[in-house]
Amino acid sequence: MARGRAAGYDDQRDLILQHAAALFARQGYAATSMNEVAQACGLSKPAIYHYFTEKYALLFEICDTHLTRLQALEQEVKNLPGLDAQQRLRSLIARFVEEYALSAHAHRVLTESVRYLKGEDHQQVLDKERALVAGFSKTLAQIRPDLDEAGLSKAISMLLFGMMNWMFTWLRSDGALDQEAMAQLVADLFMGGIGEVQTPTPKAEKTLAQI
């Protein structure tokens with residue numbers, strides 16, 4: 001009879017992924033060694049190989065798991081009762097911006113290191129990214145059917161992802177705007193243009209110059 005996994009196996013595996021994502025995000029995938037991952041986890045290098053056979057496996061798992069979580073969030077919003085298309089799009093924006101903040105390291109790895117994935121692994125990640133865009137495009141098409149008929153829904157959805165995806169490159173965690181406020185700004189700007197942007201209520205004595 002095959003031996004089952006030891007208690008805590010999945011927790012240890014998740015912890016390794018978290019430490020690896022932090023290292024890859026901070027110093028780059030190519031510049032990070034498995035020795036550094038092991039040290040960050042407080043494990044021996046052989047112990048790391050018990051969970052992941054190589055550094056590449058860590059990269060793929062980080063990217064794929066992050067996208068799987070985003071797909072689950074998209075499905076959760078889709079299943080929320082009583083939302084019209086505009087409310088659903090606003091909810092999607094809010095949930096994605098929040099998740100990007102909670103999974104900041106994994107998100108940075110996905111955006112900056114996905115180029116290191118190869119073959120079927122790269123294709124699987126790409127397919128999940130395209131599925132996310134398609135979900136947003138479908139909601140956008142319900143709001144503006146004319147844009148969908150003109151073949152613009154995907155392009156406009158990609159522009160929206162551009163607003164959300166790269167926020168980590170400039171938004172400071174100790175700045176005047178938190179993720180909730182930023183999600184509101186993104187939704188207002190995307191849905192109504194600059195004329196619809198509402199000034200967020202300050203939550204602390206900070207100025208916008210601190211962003």
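Atoms considered below: every heavy atom in the structure, side chains included; atoms not considered: hydrogens, waters and symmetry mates.
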*Asks:* Indicate yes or no: at least one non-hydrogen side-chain atom of M164 is less than 4.5 angstrom from one of I93.
*Replies:*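 Yes; the side chains approach each other to less than 4.5 Å.
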*Asks:* Nearest 0.5 Å, please: how far is CZ in F52 from CE in M34?
*Replies:* 8.5 Å
*Asks:* Between S157 and S137, what is the shortest heavy-atom contact and its length?
*Replies:* OG-OG, 3.0 Å
*Asks:* Can you confirm whether the side chains of Q184 and D188 place a donor and an acceptor under 3.5 Å from each other?
*Replies:* yes
*Asks:* Indicate, with yes or no, if M191 and M163 share a hydrophobic cluster defined by side-chain heavy-atom contacts under 4.5 Å among Ile, Leu, Val, Met, Phe, Trp and Tyr.
*Replies:* yes
*Asks:* At what distance, to the nearest 0.5 angstrom, does OG1 of T111 lie from CG of N165?
*Replies:*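 Here the interatomic distance stands at 7.5 Å.
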*Asks:* Do Y29 and Y56 pass the side chain to side chain contact (heavy atoms under 4.5 Å, CB included) test, and can you show the C-alpha distance, the side-chain angles, and the key distance before you say yes or no?
*Replies:* CA-CA 9 Å; Y29 167 74; Y56 178 88; 3.7 Å; yes
*Asks:* For the hydrophobic clusters of this structure (ILVMFWY residues joined by side-chain heavy atoms under 4.5 Å, transitively), does one cluster hold both L102 and V77?
*Replies:* no
*Asks:* For S103, enumerate each residue passing the side chain to side chain donor-acceptor pair (under 3.5 Å) test, keeping only those at least two apart in sequence or located in another chain.
*Replies:*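 With neighbours one apart ignored, the set is E99.
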*Asks:* With a 4.5 Å heavy-atom cut-off, do F190 and I156 have their side chains touching?
*Replies:* yes
*Asks:* Please tell me if the side chains of H107 and F96 come closer than 4.5 Å, counting only heavy atoms from C-beta onward.
*Replies:*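 A side-chain contact is absent here, since even the closest heavy-atom pair is not under 4.5 Å.
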*Asks:* Using the rule that Ile, Leu, Val, Met, Phe, Trp and Tyr join whenever any side-chain heavy atoms are under 4.5 Å apart, tell me whether L70 and F168 fall into a single cluster.
*Replies:*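 Unlinked, L70 and F168 end up in two clusters.
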*Asks:* Can you check whether Q179 reaches E98 side chain to side chain, under 4.5 Å on heavy atoms?
*Replies:*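 No, every pair of side-chain atoms sits at 4.5 Å or beyond.
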*Asks:* Got a donor-acceptor contact below 3.5 angstrom from the K55 side chain to the T32 backbone?
*Replies:* yes
*Asks:* Say whether N35 and Q39, considering side chains only, have a donor N or O and an acceptor N or O under 3.5 Å apart.
*Replies:*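 Not at all, the side chains of N35 and Q39 share no donor-acceptor pair under 3.5 Å.
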*Asks:* Is there any salt bridge (Lys or Arg N to Asp or Glu O under 4.0 Å) pair reaching into residues 101-117, and which pairs are they, with sequence neighbours excluded?
*Replies:* R108-E112
*Asks:* Determine whether L140 and L159 fall in the same hydrophobic cluster, where Ile, Leu, Val, Met, Phe, Trp and Tyr are linked whenever their side-chain heavy atoms lie under 4.5 Å apart.
*Replies:* no
*Asks:* Can you tell me if K154 has over 12 outside heavy atoms packed within less than 6.0 Å of its NZ?
*Replies:*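 Result for NZ/K154: open.
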*Asks:* Mind checking ring-ring contact (aromatic ring centres under 6.0 Å, His included) for F161 and listing every partner two or more places apart, or none if nothing turns up?
*Replies:* F136
*Asks:* Just verifying a value: how many Å separate E36 CD and I48 CD1, rounded to the nearest 0.5 Å?
*Replies:*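 Reported to 0.5 Å precision, the distance equals 12.0 Å.
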*Asks:* Enter the distance from D14:CG to T65:OG1 here, rounded to the nearest 0.5 Å.
*Replies:*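 The OG1 atom of T65 is 8.0 Å from CG of D14, to the nearest 0.5 Å.
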*Asks:* When the ring planes of Y100 and H66 are compared, do they come out parallel, tilted or perpendicular, using 30° and 60° as the limits?
*Replies:* tilted
*Asks:* Any pair with a residue in residues 78-88 that passes salt bridge (Lys or Arg N to Asp or Glu O under 4.0 Å), sequence neighbours left out, goes on the list, sorted by first then second residue, please.
*Replies:*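 Qualifying pairs: none.
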*Asks:* Please report the shortest heavy-atom distance between A187 and R90, naming the atom on each side.
*Replies:* CB-NH1, 3.3 Å
*Asks:* Answer with yes or no whether the hydrophobic clustering places W166 together with V125; edges join I, L, V, M, F, W, Y residues whose side-chain heavy atoms lie under 4.5 Å apart.
*Replies:* no
*Asks:* Take a 6.0 Å sphere around NZ of K138 and say whether it holds more than 12 heavy atoms from other residues, nucleotides or ligands.
*Replies:* no
*Asks:* Measure the CG-CD1 distance between D148 and I143 for me, rounded to the nearest 0.5 Å.
*Replies:*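 The CG atom of D148 sits 11.5 Å away from the CD1 atom of I143.
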*Asks:* If you compare all heavy atoms of A131 against all heavy atoms of Q71, which two are closest, and at what distance to 0.1 Å?
*Replies:* CB-NE2, 3.9 Å
*Asks:* What closest approach, in Å, do A21 and A106 show between heavy atoms, and which atom pair accounts for it?
*Replies:*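 What the structure gives for the nearest pair is CB-N, 4.2 Å.
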*Asks:* Between N79 (side chain only) and Q75 (backbone N and O only), is there a donor and an acceptor less than 3.5 Å apart?
*Replies:*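 Here the side-chain-to-backbone pair exists.
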*Asks:* Apply salt bridge (Lys or Arg N to Asp or Glu O under 4.0 Å) to E61 and list each qualifying residue two or more places apart in sequence or on a separate chain.
*Replies:*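 Checked E61 against salt bridge (Lys or Arg N to Asp or Glu O under 4.0 Å); matches are R13.
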*Asks:* Mind checking what makes salt bridge (Lys or Arg N to Asp or Glu O under 4.0 Å) contact with R144, not counting sequence neighbours?
*Replies:* D146
*Asks:* Are Y51 and L17 close enough that some pair of their side-chain heavy atoms sits under 4.5 Å apart?
*Replies:*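 Y51 does not reach L17 side chain to side chain.
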*Asks:* Please check: side-chain N/O of S91 versus main-chain N/O of Q87, any donor-acceptor pairing under 3.5 Å?
*Replies:* no
*Asks:* Let's go through D127 and Q123 carefully: what are the C-alpha distance in whole Å and the side-chain angles of both, what is the deciding distance for side-chain hydrogen bond (donor to acceptor under 3.5 Å, both in side chains) to 0.1 Å, and is it a yes or a no?
*Replies:* CA-CA 6 Å; D127 288 344; Q123 189 61 50; 2.8 Å; yes
*Asks:* What are the two closest non-hydrogen atoms of V109 and C63, and how far apart are they?
*Replies:* CG1-SG, 4.3 Å
*Asks:* Any side-chain heavy-atom pair from H19 and L15 closer than 4.5 angstrom?
*Replies:* yes
*Asks:* Hey, could you give me the OG1/CG distance between T68 and L73, rounded to the nearest 0.5 Å?
*Replies:* 11.0 Å
*Asks:* Considering all heavy atoms of both residues, which atom of L110 and which atom of V114 are nearest to each other, and what is their separation?
*Replies:*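 Smallest heavy-atom distance, with atoms named: O-CB, 3.2 Å.
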*Asks:* Under 4.5 Å between any side-chain heavy atoms of Q12 and L43, yes or no?
*Replies:* yes
*Asks:* Side chains of F24 and L58: closer than 4.5 Å at any heavy-atom pair?
*Replies:*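 They are in side-chain contact.
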